[in-house]
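See structure below.
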Amino acid sequence: MARATTAGAAPGESLRTHLRAATMAAHDLLDHAMQAASGWQTRDDYARFLSLQHAARAPLESWLAAHAPAGLVPPPQTGLIAQDLGQLGLAVPPPAQLFTIGRPGPGAALGIAWVLAGSALGNKAIAKQVARIGSGAWPTAFLGDDRAMAFWQDLRARIERPAAAAEAEGATHAAEAVFAHFLGVAEAPESVPA
Ligand code: HEM
């Protein structure tokens, strides 16, 4: 049986399955790093979590706005994060380092859109915890964003099928770059003011 390389999908494998497998370790690492950098156990932790999310997402949203075709631009969420931060009495942090992957090839926008859209699944789980811990009093415009979930459902049709080799490879590299970008922000939380 043919084996997939890190970037190349096995024959017949859906793009989603391939992307998930290729980035599973990076996702686990990021999950742990974000819990260590902020978590969401207290109101201050949650505010810090939102600041990290804003700092990391702002450059990614800029990249997508500049490079991605219309159907691959997830609804921007930094405005919702800013709204939540405002309700917690905090200012919006400066964006993290620029996000760049050089000259975008086939699959790049799709890979980046998948990571941001897929994160709505994790956000849904986190929203439940935040509602419980904060007794429903903490703002969750970002975590409970219905438009992000709707975009995710639409994107599924596009990724739950095999992709051409070049597209799968480009999407994988781009998705890995997004996880690395997020990890960079989570591992340098001092760069994001609390
Ligand atoms: C902060 C801690 C995080 C937690 C606790 C978390 C949790 C989760 C959970 C529960 C799922 C759903 C797994 C499933 O149903 O199979 C998921 C999927 C995913 N998350 Fe996260 N996540 C976190 C952070 C992130 C971040 C920051 C990103 C993006 C930069 C991200 C991107 C994704 C992607 C792409 C998927 C998979 C989508 C798919 O199934 O195709 N996650 N996450």
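Scope of the values below: all heavy atoms of this structure, side chains included, with no hydrogens, waters or symmetry mates. All ligand and atom numbering here is 1-based and tracks the order in the structure.
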Original post:
Are F99 and V178 side-chain neighbours, meaning at least one heavy-atom pair lies under 4.5 Å?
Top reply: yes

Original post:
Can you find a protein heavy atom under 4.0 Å from atom 43 (N) of ligand 1?
Top reply: yes

Subject >> Which atom of A175 lies closest to which atom of G111, heavy atoms considered >> reply: CB-O, 3.9 Å

Subject >> Under-4.0 Å protein heavy-atom contact, atom 5 (C) of ligand 1 >> reply: yes

Original post:
Nearest to atom 16 (O) of ligand 1 by heavy atom, H32, M34, R20, R57: which?
Top reply: R20

Original post:
With no hydrogens and no angle check, do the side chains of Q153 and R156 hold a donor and an acceptor under 3.5 Å apart?
Top reply: yes

Original post:
Near D28 CG, under 6.0 Å, is it more than 12 heavy atoms from other residues, nucleotides or ligands?
Top reply: yes

**OP:** Provide, to 0.1 Å, the distance between atom 12 (C) of ligand 1 and the closest protein heavy atom, together with that atom's residue and name.
**Re:** L121 CB, 3.9 Å

**OP:** Heavy-atom distances under 4.0 Å are what count here, so tell me which part of L30 touches ligand 1: side chain, backbone, both or neither.
**Re:** side chain

**OP:** Give the residue, atom name and distance (to 0.1 Å) of the protein heavy atom nearest atom 37 (C) of ligand 1.
**Re:** W114 CZ2, 3.9 Å

Subject >> Name of whichever N/O/S atom of H27 is nearest to atom 21 (Fe) of ligand 1 >> reply: NE2

Original post:
Do you know the tightest heavy-atom contact between A171 and L15?
Top reply: CB-CD1, 4.4 Å

Original post:
Should you measure from each heavy atom of F182, which atoms of ligand 1 turn up under 4.0 Å away?
Top reply: 27 (C), 30 (C)

Original post:
Does D31 reach ligand 1 with a nitrogen or oxygen that is under 3.5 Å from one of the ligand's nitrogen or oxygen atoms?
Top reply: no

**OP:** Heavy atoms only: give me the nearest A109-P69 pair and the separation to one decimal.
**Re:** CB-CD, 4.0 Å

Subject >> Mutual orientation of the aromatic rings belonging to W138 and Y46 [parallel < 30°, tilted 30-60°, perpendicular > 60°] >> reply: parallel

Subject >> Heavy-atom nearest option to atom 36 (C) of ligand 1, drawn from A117, G118, A26 >> reply: G118

**OP:** Output the list of atoms in ligand 1 that are nearer than 4.0 Å to some heavy atom of V115, sorted by atom number.
**Re:** 29 (C), 30 (C), 32 (C), 35 (C)

Original post:
What atoms of ligand 1 come within less than 4.0 Å of a heavy atom belonging to R16?
Top reply: 39 (C), 40 (O), 41 (O)

**OP:** Can you figure out which of S119, A120, G122 has its heavy atom closest to atom 9 (C) of ligand 1?
**Re:** G122

**OP:** Identify the two heavy atoms, one from L80 and one from A141, that lie closest to each other, and give their separation to 0.1 Å.
**Re:** CD1-O, 3.7 Å

Subject >> Steps toward salt bridge (Lys or Arg N to Asp or Glu O under 4.0 Å) verdict (R57, E61) >> reply: CA-CA 6 Å; R57 282 173 194 265; E61 289 182 0; 5.8 Å; no

